[in-house]
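Excluded from the calculations below are hydrogen atoms, water molecules and symmetry mates; all remaining heavy atoms, backbone and side chain alike, are included.
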Amino acid sequence: MHFHDCFVRGCDGSILLAGNTSERTAVPNRSLRGFEAIEEAKARLEAACPRTVSCADILTLAAREAVVLTGGQGWRVPLGRLDGRISQASDVNLPGPFDPVDKQKRDFAAKTLNTIDLVTLVGGHTIGTAGCGLVRGRFFNFNGTGRPDPSIDPRFVPLVQARCPQTGDASARVGLDAGSVGRIMRRESKIMMFNGFRLGPFQYTAISAQGNRGSSRRGGGRRPRAGYYGNRCRNVESIVASVVRAHVRSNPANAPGILRMHFHDCFVRGCDGSILLAGNTSERTAVPNRSLRGFEAIEEAKARLEAACPRTVSCADILTLAAREAVVLTGGQGWRVPLGRLDGRISQASDVNLPGPFDPVDKQKRDFAAKTLNTIDLVTLVGGHTIGTAGCGLVRGRFFNFNGTGRPDPSIDPRFVPLVQARCPQTGDASARVGLDAGSVGRFDTSFLRNVRSSRVVLQSDLVLWRDPETRAIIERLLGLRRPSLRFGTEFAKSMVKMSLIDVKTGSDGEIRRVCSAIN
């Protein structure tokens with residue numbers, strides 16, 4: 001019920017509204033159950049705290065309890081939603097049981113959920129059932145062949161056929177997770193039995209298993225985690241923090257430089273420190289990376305860590321920690337950094353294909369989705385432009401001759417145009433720098449997002465975020481202008497952790513370099 005609520009008009013409790021044409025009457029919702037539990041909880045809360053707790057929050061909490069009561073892990077639930085006033089069956093267009101993987105990905109991406117979210121949430125099918133009428137065709141007459149779907153484990157077919165006879169009751173139920181229908185498994189749900197395709201009766205679950213077979217991590221190493229180094233290098237974080245602090249004090253431009261370097265590292269071959277490798281054709285030589293700064297800070301931190309803990313801490317981990325320190329030193333919120341990456345051995349300028357300063361929103365979304373980052377991550381991480389600068393040669397065209405018109409981009413606040421023109425004269429030094437966040441270039445805050453809202457930003461890729469309804473809504477939530485609101489510092493920290501885990505090297509995939517600029 002919670003999933004069906006959130007995927008229509010957002011998590012607003014509109015699924016709970018009764019009526020002849022409400023969402024509850026749509027075909028996918030007619031088998032929903034649990035309404036009485038929500039109504040009873042609401043009645044008890046009204047007695048205890050009248051007109052205080054929304055039905056949307058009650059349903060969200062109830063979904064968490066449903067997981068915990070069936071053996072799953074709990075979590076802290078953000079609260080403060082309001083209830084929606086509109087509920088129409090005609091709005092219900094949910095992901096369906098016969099959808100191919102590409103459509104599932106698109107449907108989830110439209111809700112700011114990435115492919116990891118898709119697979120994980122579909123994993124909720126570890127509890128629950130489906131109607132025989134919905135699944136029977138796959139087990140008796142797949143695509144009109146008169147035979148079962150050949151991708152199903154043949155040993156599984158007769159079990160479902162016995163439960164759902166071809167001419168039996170269409171409303172009878174069959175478990176979505178064979179043998180474990182009432183338990184959420186802590187480690188590996190039985191719904192994920194890839195090798196034999198013994199997965200459950202829905203076609204899209206089996207397709208998802210096939211489509212994601214090749215995505216498992218090579219090397220067999222463990223996923224990075226906070227506190228990874230333990231007693232092997234107790235002072236790793238304080239040593240990196242001390243070095244970065246000194247370099248930022250001597251040159252404040254190192255803070256945005258290090259943050260940008262981490263982004264550029266993760267978006268090419270994953271967060272493996274390949275951006276740090278020197279060479280005539282390494283990633284550092286690619287055009288977008290030639291203005292990066294902060295390499296000396298990483299090398300100094302590495303030298304100090306090699307003296308304290310030889311051959312223990314990777315350059316990839318040092319850069320990840322340094323990026324966190326860059327945010328903290330400019331007034332941003334800190335976070336626990338998962339550690340345990342290995343350093344990559346390959347660095348090629350030809351691999352560098354980063355999101356660009358003129359990209360439309362759709363391309364930005366695709367580029368981030370390709371790295372398992374959703375639209376909230378996109379907007380939040382672009383919010384890192386609250387510190388840093390851009391070269392005048394990169395932005396000048398928008399302020400003097402936009403698209404060959406001989407005029408500035410008309411979507412820019414006209415009061416902002418002369419300020420940038422003065423900083424970046426049309427025939428001036430192309431290497432001169434202009435702040436990405438007018439008026440707050442050295443402080444990590446929400447000023448940049450306010451400037452996006454006011455059309456007072458220098459990069460076209462930043463400005464277009466306000467024109468897209470989805471990214472605009474996220475900006476409004478981060479600025480507290482739309483509910484449920486989001487805290488920028490908290491969201492930025494979460495997105496940085498997600499980004500720092502992109503394609504990390506573990507096990508036999510990498511090494512721990514002796515120096516960050518060269519492989520061993």
Side-chain angles (χ1 to χ4, degrees), residues 76 116 217 221-248 254-276 294-295 297-306 308-309 312-344 371-373 376-377 380-381 383-384 386-387 444 487-507 509-513 516:
R76 296 188 69 188
I116 291 178
R217 190 187 310 279
R222 290 187 176 182
R223 185 178 176 87
R225 56 182 172 82
Y228 170 81
Y229 292 105
N231 291 331
R232 291 181 300 133
C233 197
R234 297 176 63 87
N235 297 322
V236 56
E237 298 199 26
S238 61
I239 289 172
V240 173
S242 173
V243 172
V244 173
R245 188 181 308 115
H247 280 261
V248 170
N254 278 324
I258 291 170
L259 181 61
R260 183 170 170 237
M261 190 195 305
H262 181 47
F263 179 94
H264 284 211
D265 184 46
C266 293
F267 258 64
V268 178
R269 300 186 66 86
C271 305
D272 66 348
S274 55
I275 187 66
L276 302 166
F295 291 100
I298 309 302
E299 287 291 358
E300 182 180 337
K302 177 62 173 173
R304 290 183 57 180
L305 284 165
E306 283 297 301
C309 329
T312 302
V313 182
S314 68
C315 299
D317 275 350
I318 295 170
L319 178 54
T320 307
L321 285 167
R324 191 261 313 269
E325 294 310 310
V327 172
V328 171
L329 289 168
T330 51
Q333 177 177 319
W335 60 90
R336 296 190 71 192
V337 176
L339 299 172
R341 299 161 189 78
L342 291 181
D343 297 320
K371 302 298 179 182
T372 73
L373 298 170
I376 291 179
D377 299 319
T380 306
L381 290 172
T386 185
I387 57 174
F444 204 93
R487 291 186 59 189
F488 175 59
T490 301
E491 295 302 319
F492 190 84
K494 286 161 56 177
S495 295
M496 284 291 285
V497 170
K498 285 177 68 175
M499 184 181 77
S500 77
L501 297 175
I502 295 173
D503 294 334
V504 295
K505 306 297 185 291
T506 59
D509 286 345
E511 63 183 11
I512 294 176
R513 297 181 204 142
C516 291

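Remark: Tyr228 OH to Thr312 OG1 distance equals 9.0 Å, nearest 0.5 Å. How far CD of Glu325 is from NE2 of His247: 13.5 Å, rounded to the nearest 0.5 Å. The structure places SG of Cys266 at 5.5 Å from CD1 of Ile502, a figure rounded to the nearest 0.5 Å. Atom OG of Ser500 sits about 5.5 Å away from atom NE2 of His262, to the nearest 0.5 Å. If you take CG on Leu319 and CD1 on Ile275, they are separated by 8.5 Å, rounding to the nearest 0.5 Å. Between the NZ atom of Lys505 and the CG atom of Asp343 there is a distance of 10.0 Å, given to the nearest 0.5 Å.
Contact detail for Ala255 and Thr330: the closest heavy-atom pair is CB-CG2, 3.8 Å. Residues Ile258 and Gly294 approach most closely at CG1-CA, 4.0 Å, considering heavy atoms. Contact record, Met499 with Phe267: SD-CE1, 4.2 Å, taken as the closest heavy-atom pair. Arg336 approaches Ala226 most closely through the heavy-atom pair NH2-CB, 3.5 Å. Residues Ile298 and Met261 come closest through the heavy atom pair CG1-SD, 4.4 Å. Closest of all the heavy-atom pairs between Gly334 and Val328 is CA-CG2, 3.7 Å.
With a 4.5 Å cut-off on side-chain heavy atoms, Val337 and Trp335 count as touching. No side-chain heavy atom of Cys271 sits less than 4.5 Å from a side-chain heavy atom of Leu501. Looking at Val236 and Cys309, their side chains never come closer than 4.5 Å, going by heavy atoms from C-beta outward. Taking 4.5 Å as the limit, every side-chain heavy atom of Glu237 sits out of range of all side-chain heavy atoms of Ile239. The side-chain heavy atoms of Val327 and Leu259, taken from C-beta on, include a pair separated by under 4.5 Å. Arg223 places none of its side-chain heavy atoms less than 4.5 Å from the side chain of Thr506. Put simply, the side chain of Asp503 does not reach to within 4.5 Å of the side chain of Arg269, judged on heavy atoms. Side-chain contact between Thr380 and Lys494: absent, with no pair of heavy atoms (C-beta onward) separated by less than 4.5 Å.
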(Q) Let's go through Val240 and Leu305 carefully: what are the C-alpha distance in whole Å and the side-chain angles of both, what is the deciding distance for side-chain contact (heavy atoms from CB on, under 4.5 Å) to 0.1 Å, and is it a yes or a no? (A) CA-CA 8 Å; Val240 173; Leu305 284 165; 3.9 Å; yes
Q) What do the steps show when you test Thr320 against Asp265 for side-chain contact (heavy atoms from CB on, under 4.5 Å), and what is the final call? A) CA-CA 10 Å; Thr320 307; Asp265 184 46; over 6 Å; no
Q. Leu342 and Asp509: side-chain contact (heavy atoms from CB on, under 4.5 Å), yes or no, with the steps?
A. CA-CA 8 Å; Leu342 291 181; Asp509 286 345; 5.8 Å; no
Q: Report the C-alpha distance between Leu329 and Arg245 in whole Å, list the side-chain angles of each, state the deciding distance to 0.1 Å, and finish with yes or no for side-chain contact (heavy atoms from CB on, under 4.5 Å).
A: CA-CA 7 Å; Leu329 289 168; Arg245 188 181 308 115; 3.9 Å; yes
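Although no hydrogens or angles enter the test, the distance criterion places no donor-acceptor pair under 3.5 Å between the side chain of Ser274 and the main chain of Gly344. Listed for the Ser242 side chain is no donor-acceptor partner under 3.5 Å among the backbone atoms of Ser238.
With sequence neighbours excluded, the residues forming a side chain to side chain donor-acceptor pair (under 3.5 Å) with Glu306 are Lys302, listed by chain and number.
Side-chain contact, Tyr229 with Asp317: a donor N or O sits under 3.5 Å from an acceptor N or O.
Ring geometry for Phe488 versus Phe492: interplanar angle of 30 to 60°, hence tilted.
Within 6.0 Å of CZ on Arg487 lie no more than 12 heavy atoms contributed by other residues, nucleotides or ligands.
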